[in-house]
Amino acid sequence: MESIRVGLPRLPSRDSPEDAIAQLAAVGFRACELDFAGGFWMDKDFATALGQRARERGISLSVHAPIAAFLGHLDHGPKYRRAMGMLDHSAGLAQLAGAAPVVIHPGFLLERERAEALGSVIEQLGELRERLCAKGRGVAFGVEMMGRVRDFGSAEDVFAIAERLDWVLPVIDFAHLHAVSDGAFTDADAFAAVLERADALLGPDERFHLHFSDIAFANRNETKHLPYGKGTLRAESLREALARLGRGATVISESPDLASHIAIRDLLEAPLPSGA
């Protein structure tokens with residue numbers, strides 16, 4: 001099986017690029033998602049140096065764009081322009097850091113039928129692509145699956161976006177899928193069924209980009225991420241499913257504590273039992 005890289009959902013230090021990468025390496029993580037969800041805190045010099053240090057230590061980087069940087073707006077007004085600016089800036093920092101993909105949330109229905117919302121997201125992502133390529137910032141993007149059953153951003157929505165746009169990857173968040181399915185991801189078959197759909201959309205050299213943690217949910221909606229072992233999602237099932245596909249994967253642990261990140265990493269990166 002191709003390698004599984006487990007990483008953190010944010011840099012362990014914002015003091016300096018050297019310190020951030022040193023701390024990641026010290027605890028044995030080989031990936032990290034740069035945490036812009038709450039806003040930008042990193043300048044261009046930091047991003048450039050961070051990318052260089054990460055390459056030297058064999059650590060893969062990705063980016064989570066600001067939460068407000070979603071597309072599929074009803075018009076091209078201030079919210080659309082703000083989102084486009086934030087996504088442009090996210091892509092610029094990602095390029096400097098050698099980070100991919102830029103993970104975004106898929107947007108909202110905004111009282112529209114799902115097909116209309118989907119068409120709007122795809123159209124505006126196309127506009128974004130034109131803007132980024134004109135600046136030489138044509139980095140890969142990833143759309144994350146959401147954890148509320150009636151919202152836009154289901155697995156079907158995300159796969160439909162990725163099917164239309166070959167530069168957009170489906171970012172499978174298994175905690176979210178576990179929540180909206182009322183806890184259905186209890187064995188490797190459930191994980192494999194989703195991974196197989198994503199596998200068909202990826203190029204031969206592309207890796208799965210996954211989010212994983214234990215999760216609490218009610219009425220098929222996520223409520224909060226849990227320390228590993230406090231819920232019913234298990235890393236061993238994901239590891240077995242990934243082994244069936246034979247494709248490399250970067251798994252970002254979205255757990256609330258370091259002990260859970262380490263537990264998930266150790267389970268996913270451990271060799272499969274003989275005969276599995």
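Start at 1 with the first residue, then count along the sequence.
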Between [Y] and [X], is there a side-chain heavy-atom distance shorter than 4.5 Å?
| X | Y | value |
| --- | --- | --- |
| Pro12 | Leu24 | yes |
| Ser255 | Ile264 | yes |
| Arg247 | Leu242 | no |
| His211 | Pro9 | no |
| Ile252 | His209 | yes |
| Ser253 | Arg265 | no |
| Leu202 | Phe208 | yes |
| Leu238 | Leu195 | yes |

Got a sec, which pairs hit salt bridge (charged side-chain N to carboxylate O under 4.0 Å, His left out) with one end in [range], sequence neighbours left out?
| range | result |
| --- | --- |
| residues 210-220 | Asp214-Arg234 |
| residues 62-91 | Asp88-Arg131, Asp88-Lys135, Asp88-Arg137 |
| residues 102-129 | Arg114-Asp157 |
| residues 25-35 | Arg14-Asp35, Arg30-Glu269 |

Is there a donor-acceptor pair under 3.5 Å between the side chain of [X] and the backbone N or O of [Y]?
| X | Y | result |
| --- | --- | --- |
| Tyr228 | Ala235 | yes |
| Thr223 | Ala216 | yes |
| Asn219 | Asn221 | no |
| Ser260 | Pro227 | no |
| Glu222 | Ile215 | no |
| Glu240 | Phe191 | no |

Residue pairs passing the side-chain hydrogen bond (donor to acceptor under 3.5 Å, both in side chains) test with at least one member in residues 36-48, sequence neighbours excluded, are none
dist Leu268:CG -> Ser3:OG (nearest 0.5 Å) comes out at 12.0 Å
Separation between CD1 (Ile21) and CD (Gln52), nearest 0.5 Å, reads 11.0 Å
May I have all residue pairs that pass ring pair (Phe, Tyr, Trp, His ring centres under 6.0 Å) and include part of residues 95-129, sequence neighbours excluded?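 For residues 95-129, and leaving out neighbouring residues, the ring pair (Phe, Tyr, Trp, His ring centres under 6.0 Å) pairs sorted by first residue read His64-His105, Phe70-Phe108.
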Test salt bridge (Lys or Arg N to Asp or Glu O under 4.0 Å) applied to [X] - qualifying residues, sequence neighbours left out:
| X | value |
| --- | --- |
| Asp19 | none |
| Glu206 | none |
| Glu196 | none |

For His89, the side-chain contact (heavy atoms from CB on, under 4.5 Å) test, sequence neighbours excluded, returns Phe40, Leu93
With sequence neighbours left out, the residues meeting side-chain contact (heavy atoms from CB on, under 4.5 Å) with Ala190 are Phe185, Asp187
List the atom pairs, donor and acceptor, that lie under 3.5 Å between side-chain atoms in residues 161-174 and the rest of the protein, sequence neighbours left out.
{"from": "Asp173", "atom 1": "OD1", "to": "Ala175", "atom 2": "N", "distance (Å)": "3.1"}
{"from": "Asp173", "atom 1": "OD1", "to": "His176", "atom 2": "N", "distance (Å)": "3.0"}
{"from": "Asp173", "atom 1": "OD2", "to": "His176", "atom 2": "ND1", "distance (Å)": "3.3"}

In this structure, which one of Leu125, Val121, Val63 forms a side-chain contact (heavy atoms from CB on, under 4.5 Å) with Ile104?
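Only match with Ile104 under side-chain contact (heavy atoms from CB on, under 4.5 Å): Leu125.
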